[in-house]
Amino acid sequence: MRETFTKGMARNIYYGGGVFFFLVLIGLTVDTVKSLPKTDNSENMTEQVAAGKRLWEVNNCIGCHTLLGEGAYFAPELGNVYTRFGESTEAIKGFIKSRPVEGIPGRRSMPQFNLSDEELEELAQFLKYVDGVKTARDWPPNVQG
Amino acid sequence: MEVDEVQLKRASRASLVSLSNLTVLPVIGFIILLLLYKKTAPDTIDRYYAVIGIKINLLAAVALLLVSGLMVVMGGFESHMSWIYMLSYFVTAHALFILVATWALVRSWSGKKLR
Amino acid sequence: MKYESQGVAKLYFIAAIGLFVGQILFGAIMGLQYVMGDFLFPEIPFNVARMVHTNLLIVWLLFGFMGSAYFLIPEESERELYSPLLAKIMFWIFLVAGALTILGYLLVPYAQLADLTMNDLLPTMGREFLEQPTITKIGIVIVALAFLFNIGMTILTGRKTVITLVLLTGLVGLAVFFLFSFYNPDNIVLDKYFWWFVVHLWVEGVWELIMASLLAYVLIKVTGVDREVIEKWLYIIIAMALISGLIGTGHHFYWIGTPDYWQWLGSVFSALEPIPFFMMTLFAFNVVNKRRRDHPNKAAVLWALGTAVMAFLGAGVWGFLHTLAPVNYYTHGTQVTAAHGHMAFYGAYVMVVLTMISYAMPIMRGQKAANETAQKLEIHSFWLMTISMVFITLFLTVAGFVQTYLQRYSDEPQSFMVVQEQLATWYWLREAAGVVFLLGLFLYIYSFFAKGKEVEFVEE
């Protein structure tokens, strides 16, 4: 760092660059939020889906699974589980319902959450809704997630 | 070793070009480094850092290109594991060369040899 | 210690190290669960262990940042802390709230914890890293505000330096962006989009300001290099951090249903994100090379250099590895991400806090530097933890590449669990490296109690 490049210049780049790109981020955020209805599957947002999202949260599903690639990497991706399970909410419900309380010896097991039939339906509807989100290049790359 | 301003500038430029060859300007960086080397006189700090840069980059070429190439050829071009080992090795080794070149750059700024 | 009130930092540092131990213990449990799926099941399922692991990390780093601020700010501002009492009260509130939250995770099922803490009133729980009950989140905001008030008053009524102003900006940003954790819309795309305003703008934004200012402070102290020079570096590093990192948020917006332009913006700007970390390496190497004195605290110098190098490797190189959209298409959400996450958090934030502790702790204990034996042990622990973290990262990287190939790239993609079984060897190796890390951590703690010959030091 030569003397021609002063501390004042560095400070100006910091303030100028920081403020400028923060404003750009805000601008892009406004644009993104405006254009979301095209991709976010909000036309299929129902009270059931919203309730399902709450169940997804309060059972900390993200602690093992990924959803659209975000979460923990211990258990399968669920952003496309509806497709993977043959577009069947019944299959999803059956899987969650049938988890043994004591787990499967020697293997990674999903806990038994004791959800009611109504709750199972809500959770399955939530996963179906997430599967309907139009992600770029149809991510994940294939049905395995 | 007496160090004048011109030599100091050229030494730090040589180190910078050597680092560039490892990162944003492969091959071109090396050519510039060779041209810089031609301008230097024996037993000067700029010659020293031009040589260091050339050595680092030749070694990097062997370690990154030749060894990586051999890993794929010997492991089998079709085998996914040979690619995976090669990639992991490449990323790690590449980062280490960058760190060494960075240290050389910093030392050249102060006009001192590496040790 | 120039000002008596700097001493409150000691409490914060002790708590930080204690919680660090808890974090690593749970990390070791999770590592084992990766290969022995039924380990501790159903008592401590993986999701609970992970929550404890990640939340303890965040909480102890916050303790570390706050402790560092309390130590550094009085000295930089040339006055006592505005209110040492407030700092002590907030310490106990934060510690108790943190401990209760962790106990809540461990002792009751998560859904019941949500019920108990009335999550329904303002649902914020159950999102990665933001699992804390809403009431805890409110507590964090209160503690953060009291903390900012305390250091803000100290800074603004004392000598203002570039370091304290940058640190204050970073800490204010930390508090402000945390507010996005209270926004939890039903729309999953919106939820994910603004979730990153906490997570990304923390670790790839304002935390970098905190990190750079802490590093700059320690480097001024241990090298004696002119403040003007260091401040210029500091400005240019954080300028690059914000210029690359703000729009770099876009690398999280590739596959969550956001517009396609993020593929380009995210790729281009996040490709620049290694630059500030590289400059930190250049900066640390440069000022240590130009040092005006050999500080007796060799361990602190090593930690400072280590922070710069490991942050560059973990956040810079391993981040760049999978940040371009065409690569991320295949690697997103695999063990490659886990590899990057481990080395980046350790290199950037764990190590910078340990650097501060290494520098400040002896001073708070009335020495210039720890005795020779203690420093030797601390340096051994540095290498044990750092090298084992390098290996954790390498093993997870290989596991991630194999996973990416088998599950995403090959002609016949295999299912998640089938692939996981083929990664067992790599997970075992990772667990072994993790155990070495834990041993390194125990050695680190032991180093504080080791007796030995006092270091010789000539006053300048």
Just so I know, are the side chains of [X] and [Y] near enough to count as touching, which here means a heavy-atom distance under 4.5 Å?
{"X": "A:Phe20", "Y": "C:Ile243", "value": "no"}
{"X": "C:Leu190", "Y": "A:Val33", "value": "yes"}
{"X": "A:Arg137", "Y": "C:Tyr329", "value": "yes"}
{"X": "C:Asn184", "Y": "A:Glu57", "value": "yes"}
{"X": "C:Trp262", "Y": "A:Leu28", "value": "yes"}
{"X": "A:Glu70", "Y": "C:Trp196", "value": "yes"}
{"X": "A:Thr32", "Y": "C:Tyr261", "value": "yes"}
{"X": "C:Lys192", "Y": "A:Leu67", "value": "yes"}

Within 45° of the axis and under 6.0 Å from the centre of the six-membered ring of C:Phe46, does NZ or CZ of A:Arg108 qualify? no
Pairs satisfying ring pair (Phe, Tyr, Trp, His ring centres under 6.0 Å), at least one member in residues 100-138 of chain A, at least two apart: A:Trp56-A:Phe126
Interatomic spacing from [atom1] in [X] to [atom2] in [Y] - rounded to 0.5 Å:
{"X": "C:Asn47", "Y": "A:Cys64", "atom1": "CG", "atom2": "SG", "value": "4.5 Å"}
{"X": "C:Thr258", "Y": "A:Asp31", "atom1": "OG1", "atom2": "CG", "value": "11.5 Å"}
{"X": "A:Thr66", "Y": "C:His332", "atom1": "OG1", "atom2": "NE2", "value": "8.0 Å"}
{"X": "A:Asp40", "Y": "C:Ile188", "atom1": "CG", "atom2": "CD1", "value": "11.0 Å"}
{"X": "A:Cys61", "Y": "C:Arg127", "atom1": "SG", "atom2": "CZ", "value": "14.0 Å"}
{"X": "A:Ser35", "Y": "C:Asp260", "atom1": "OG", "atom2": "CG", "value": "9.5 Å"}

Could you report the tightest heavy-atom contact between [X] and [Y], atom names first, then the distance?
{"X": "C:Ile236", "Y": "A:Phe5", "value": "CD1-CZ, 3.6 Å"}
{"X": "C:Ile256", "Y": "A:Leu68", "value": "CA-CD1, 4.1 Å"}
{"X": "A:Leu25", "Y": "C:Ile247", "value": "N-CD1, 3.7 Å"}
{"X": "A:Ile62", "Y": "C:Gly126", "value": "CG2-O, 3.7 Å"}
{"X": "A:Tyr73", "Y": "C:Phe416", "value": "O-CZ, 3.4 Å"}
{"X": "A:Gly71", "Y": "C:Arg50", "value": "O-NH2, 3.4 Å"}

Pick from [options] with the largest number of heavy-atom pairs that fall under 4.5 Å of chain A:
{"options": "C:Gln335, C:Glu228, C:Met30", "value": "C:Glu228"}
{"options": "C:Ala114, C:Ala239, C:Pro185", "value": "C:Ala239"}
{"options": "C:Tyr330, C:Phe129, C:Phe253, C:Phe197", "value": "C:Phe197"}
{"options": "C:Leu242, C:Leu234, C:Leu246, C:Thr124", "value": "C:Leu246"}
{"options": "C:Asn187, C:Val189, C:Val229", "value": "C:Asn187"}

Between [X] and chain A, with a heavy-atom cut-off of 4.5 Å, which part of the residue counts as in contact: side chain, backbone, both or neither?
{"X": "C:Tyr193", "result": "side chain"}
{"X": "C:Tyr427", "result": "side chain"}
{"X": "C:Val418", "result": "neither"}
{"X": "C:Gln414", "result": "backbone"}

Using non-hydrogen atoms and a 4.5 Å limit, figure out which bit of [X] sits close to chain C: side chain, backbone, both or neither.
{"X": "A:Met9", "answer": "neither"}
{"X": "A:Asn142", "answer": "side chain"}
{"X": "A:Val49", "answer": "neither"}

Any side-chain to backbone donor/acceptor pair from [X] onto [Y]? Under 3.5 Å, distance only.
{"X": "C:Lys232", "Y": "A:Gly8", "result": "no"}
{"X": "A:Arg11", "Y": "C:Tyr235", "result": "no"}
{"X": "A:Thr39", "Y": "C:Gly257", "result": "yes"}
{"X": "A:Gln144", "Y": "C:Gln407", "result": "no"}
{"X": "C:Asp38", "Y": "A:Gly106", "result": "yes"}

Among A:Ile104, A:Asn59, A:Val101, A:Leu36, which residue has the highest count of heavy-atom pairs closer than 4.5 Å to chain C? A:Leu36
When the ring planes of A:Trp139 and C:Trp255 are compared, do they come out parallel, tilted or perpendicular, using 30° and 60° as the limits? parallel
Working note: A:Arg107 + C:Glu421, criterion side chain to side chain contact (heavy atoms under 4.5 Å, CB included); need CA distance, chi angles, decisive distance, verdict. CA-CA 10 Å; A:Arg107 291 180 55 84; C:Glu421 276 162 27; 2.8 Å; yes
Strictly below 4.0 Å, N to O, side chains only: are C:Asp186 and A:Arg54 in salt-bridge contact? yes
